[in-house]
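Read the structure below first, then the notes.
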Amino acid sequence: MVFTDVAVVGAGPAGLSAAIECAEAGANVILIDENTKPGGQLFKQIHKFFGSREHHAGVRGFRIGEELLLRARKLDIDVWLNCEVCGIYGGTELWIVKNRRESRRLKARKIILATGATENAVAFSGWTLPGVMGAGAAQTMINLHRVIPGNRVVMIGSGNVGVIVSYQLLQAGADVIAVVEAAPRLGGYGVHTAKLRRAGVPFFTSHTVLEARGKESVESVVIVRLDEYWKPVAGTEKELEADTVCIAAGLTPLIELAMLAGCEICFIPSLGGHVPVHDRRMRTSIESIYVAGDIAGVEEASTAMEEGRLSGIHASASLGLYSADKEEELSHQIWERLDVLRSGPFGEGRRKAKEKIISMKSMTQ
Amino acid sequence: MENEQNRLICRCEEITLEEIIQAIDNGCTSLNEIKRYTRAGMGLCQSRVCSRLIARIIAEKTGKPLDEIVPVTARPPSRPVRIDIFSPRGCNVKNS
Amino acid sequence: MKRYCDSLVIGGGIIGLSCGYYLSREGFKVQVIDSMEFGSGSSGACDDMILLQSKKPGVVLELAMESLEMYRFLHMELGCDLGFKQMGGMILIENQEELAVMEEFVSSQRSCGLNVDIVDREELRRRQPHVSDRFISSTYSPDDSQVDPFLVMKGFINAGQRLGMEVRYREAAVTAEKNGAGRWQVLTSTGCIVEAENVVISAGAWSNIVGGLFDISIPIFPRRGQLLITEKIPPIGETNLWSASYMVTKLRPDLAKVRENQSEYNELGLGFSFTRTAHGNYLIGSTREEQAGFKKLVDYRALEALSRQVAHIIPLMRHVHIIRHIAGFRPATPDGKMILGPWPGKEGLYVASGHEGDGIAMAPITGKLLSDIFTGRKSITNMKELIPRCMVV
Amino acid sequence: MSRIAEHPILGPLKPSGREVSILVDGEEVIAYEGEMIAAALMASGRRVFRYTEKRREPRGLYCAIGRCTDCVMIVNGIPNVRTCVTPVEPGMIIETQRGIGRWGGGDHGIH
Amino acid sequence: MNDTKKKAWQSEGVKTSGTPTLEELTQTPGFPSEEFLYAGPVAFIECVEKIPCNPCETACPRGAITIGDNITELPMLDAGKCTGCGLCLPSCPGLAIYVKDYTFEQDRASIIFPFEYLPLPKKGDIVEMVDRFGETLCEGEILMVNTSSRNDQTSLIKAAFDKRHFIGVVSMKRLVT
């Protein structure tokens, strides 16, 4: 059994930021990730981020990742890679499997869960055929593994993930022959959709994929128009020649470890579904467990980094590493930036949803 | 329509939409119940892909709001793990 | 709202459903209620064995043998697949001391008509090529069988419903009293009053809580069992497996071998069971722990102990993946025998519970015996030992 | 399905390790040591990783992050290995998994 | 102006076809007004949604782009101050800015736009110029390909094209290998 002050689970934008804050506060911190490299989704994000300078605006995601890694290295943070957290016992004990070969145990005074989110599925006929995959899976293949998963791609979903991954597929050399959106209106940011549009990618609103056809893998995709009740309109089927279907139907917070630990959860559709109830300090209903990033509600990497820092500051403060005043001061600065990221017509809903979660936490206390 | 009913929901255990709907018709209203009743979610991935799909089917069929459909019970391990990992020397993986 | 029935069964696990089904078959109007969900109690967190070999000669063994006979044909009666399989079972023997104890045990079982034998090292190897060389011999019974508990429960529900049985999950009994006409009035959590001639408590490990509503104290307590579920794999050997060391500990505590981490083994009540489900997953068991309360928690200690144990006994299992670690509660009684029959001094109140680890095996016979009691038919076995008894817990 | 040798943002391909040879269903495939098995297979044009137990249907990569377990194959004689999160090692023997698979190779001869 | 801003982020064009319509764009504060449209090199900021983002503001050395403290506001272009230098182009994470010059030549206008695909065109290449919908409008001649590392892999391409398509052209068609 290894002992540490803080264990951070997940070395994505939130987890890395959390670990850096803890280390800066003087805590012993171990950062755990199941992948061979830290950075989480940041290294798949090859586009430039929005925001203002303090949010790394205009910087590509993977460069932000590199920067965070550099800081983590300078702070000598102990990063356990290839380590899957397979269990969590009693709120402070982690069961970790390293390299899929070795069982390890870690006891931490505080645990910060930054496990991110997982892709939602859409179950149409033929969705199990090889060639049908999550949009994130395609993104992993092209940007991390540098392999094109297919040449003619139909993208399901026009939210930011769908349109960003479509653009990145074009950059990788594939063709995106259709972006199919069940809603009557497109979901993603206009600047993203505009990039695709001027590259000649057609959008099909009020459409869905009816079927992926093929013997051993996808050979064609049938799309169909939906009526106002979202029911397929017979006779509007179109068969498109394609070898790949990517599903970008939103993300769900990965709360499994929080549930294993027994954290209270609540359902917030606008943040992706069930999330652990947490307070302004990012602390869950279990005193020793904090959450940050997509596990606490699906938002963007910039928000995840701020939440990571927030959780790190408060976890450190709870270990006595900051005075109450200092804690308040640091927390306040981050909340100001978070408020900016959660402003405007796109951010407003998330801000309200977050407030709702936080109010639940105060009610249970 | 036959095609539709035959559509897979649980990829691991190959459980169809029809089987899920049957379970709901027989009174199952939670993810855990459907899992026990149909085996959807009992496979290698332990419902990590299909549980949200099933939640939506329950909501559609029963009118039960999604927030009342709690996630399946979480149990370790959160990934499949080899029994060997507990031996003191760790896994003894052979190459060929 | 008010509902009426002849028999209200409280507890919708495999035992309650069996009782409900067999009572329905006799023409009783039956309602089954359960405070929890389908399969959320012990019937959904156990292995799937109809294990005869582990039983001492006596009423439990006799009933288990009869239950097995019923299972052979139950799928025809219920009209659905129950995942019934007769893989046989072997209890692995590690040394001469164990062998001596098991030889005596096996011969006593044989005298009761159980088809069981001791086999030598060669036959053990032939039937179980992957078992560690350390084992010198084994028992073998071709009769040990298994079913899928979920399929059996579904089968009882569906067949029962065709006979008019009603099953309601998520409905708990809240209060119980007799009305002027001498019938039970049970208020439930949905605000219903169920009026019934008879009430059957078959709430497994939770039976004593239900008993409280009827002012009785049922000597049944929860005994936690943790087990591991593997991925689906090709069959490992011909039969399911157990180890004799655990049996020997129970049969001859004086011979119990002292090993490393003995106290841990004792606390966990670690035994070895290794059974293949109808679907190809293996269930690796199990612990047998005294525990207060009903929290289905699993712990690392059991996980590690169970994993090491199986790797030790079947080295090939090292390569297999565990996909789930679960816990369940066996409804245990102080004397290790189930409780079945009318509760003395409470007219119209019956208990069918306390099977500890044998609920799956005993389900058909329990329901059948209960219906025999209801109809006044003479039961074929000596039931005295099972009649509800006030025991000092 | 091919490797992205040049990328407008990420630049030229920087392999994860040296070129090694692995055996996929008896055929030699050149892969980079340390890259994920699934990536090497996709790069070689393979999309079907296994066939299911009940319906005998083909399956391939779906989540690419070790969660969905759809890309499992028999690796060095052991079934159900998640190829999207298992790195290539020189000389690996990889087989298409049919149903629950079988154990082969080495000393564990279950068939 | 405030009213326009409020309306503008709900671009119907974006939500239905993926791209704002010209009509919508002319109502946003980032689009050059009539008076500066044909008067020489000027930036076109096709930013129609209120997302929290402001790098373009600081990228402009002449203070021609204003967003203000509330960074979800749309960028406001003071076209009179804009010299069409193009420094704001690579700063925009959304690749939503380009510079066009109606006065480039007698018959040809020029455009500088961001481009993130391979292969890159070379100086002198003749390419297809496209509108917001990806439709080819006319040919264009590549005048310059700027791959400065300052722009972090966002290349800036300058092309000349038929003046008659001045309003429509926004980019070039992706080249295939």
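These numbers were taken from a predicted model, which means no experiment stands behind them.
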Can you find a heavy atom in the side chain of [X] that is under 4.5 Å from one in the side chain of [Y]?
X      : Y     : value
E/T154 : A/K48 : yes
E/T58  : A/R53 : yes
E/P93  : A/F50 : yes
A/L186 : E/V14 : no

Are the side chain of [X] and the backbone N or O of [Y] linked by a donor-acceptor pair below 3.5 Å?
X      : Y      : value
A/Q171 : E/Y117 : no
E/K50  : A/G344 : no
A/R198 : E/V170 : no
A/T193 : E/G18  : yes

With only heavy atoms counted, which part of [X] is less than 4.5 Å from chain A, the side chain, the backbone, both or neither?
X      : value
E/N151 : backbone
E/L95  : both
E/D152 : both
E/E57  : neither
E/S91  : backbone

Is the [atom1] atom of [X] crowded by more than 12 outside heavy atoms at less than 6.0 Å?
X      : atom1 : answer
A/E241 : CD    : no
E/Q153 : CD    : yes
A/R185 : CZ    : yes
E/K173 : NZ    : no
A/D227 : CG    : yes

| task | State the CD1-OG distance between E/I71 and A/S52, to the nearest 0.5 angstrom. | result |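 That separation rounds to 4.0 Å.
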
| Between OG on residue A/S158 and NZ on residue E/K15, distance to nearest 0.5 Å |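 It is 7.0 Å, given to the nearest 0.5 Å.
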
| field | Heavy-atom pair with the smallest gap, counting every atom of E/P55 and A/G51 | value |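 Closest heavy-atom pair between E/P55 and A/G51: CD-O, 3.4 Å.
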
| query | Looking at E/T16, E/N70, E/T136, E/I51, which has the largest count of heavy-atom pairs under 4.5 Å with chain A? | reply |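 Among E/T16, E/N70, E/T136, E/I51, the one with the most close pairs to chain A is E/I51.
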
| query | Between E/C56, E/C47, E/P90, which has the largest tally of heavy atom pairs under 4.5 Å with chain A? | reply |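 Heavy-atom pairs under 4.5 Å are most numerous for E/P90.
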
Look at [options] and state which one has the largest set of heavy-atom pairs under 4.5 Å with chain E.
options                       : result
A/F204, A/F203, A/Y167        : A/Y167
A/H55, A/H47, A/R63           : A/R63
A/G58, A/G190, A/G347, A/A57  : A/G190
A/I46, A/L170, A/V201, A/V163 : A/L170

| message | Strictly below 4.0 Å, N to O, side chains only: are A/D175 and E/R174 in salt-bridge contact? | response |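 Salt bridge flag = yes for E/R174 with A/D175.
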
| field | Test: E/E116 and A/K195 ion pair at under 4.0 Å | value |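 Answer for the salt bridge query: no.
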
| task | Identify which part of A/P202 has an atom lying under 4.5 Å from any heavy atom of chain E, answering side chain, backbone, both or neither. | result |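 For A/P202, there is no contact with chain E at all, as no heavy atom is under 4.5 Å.
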
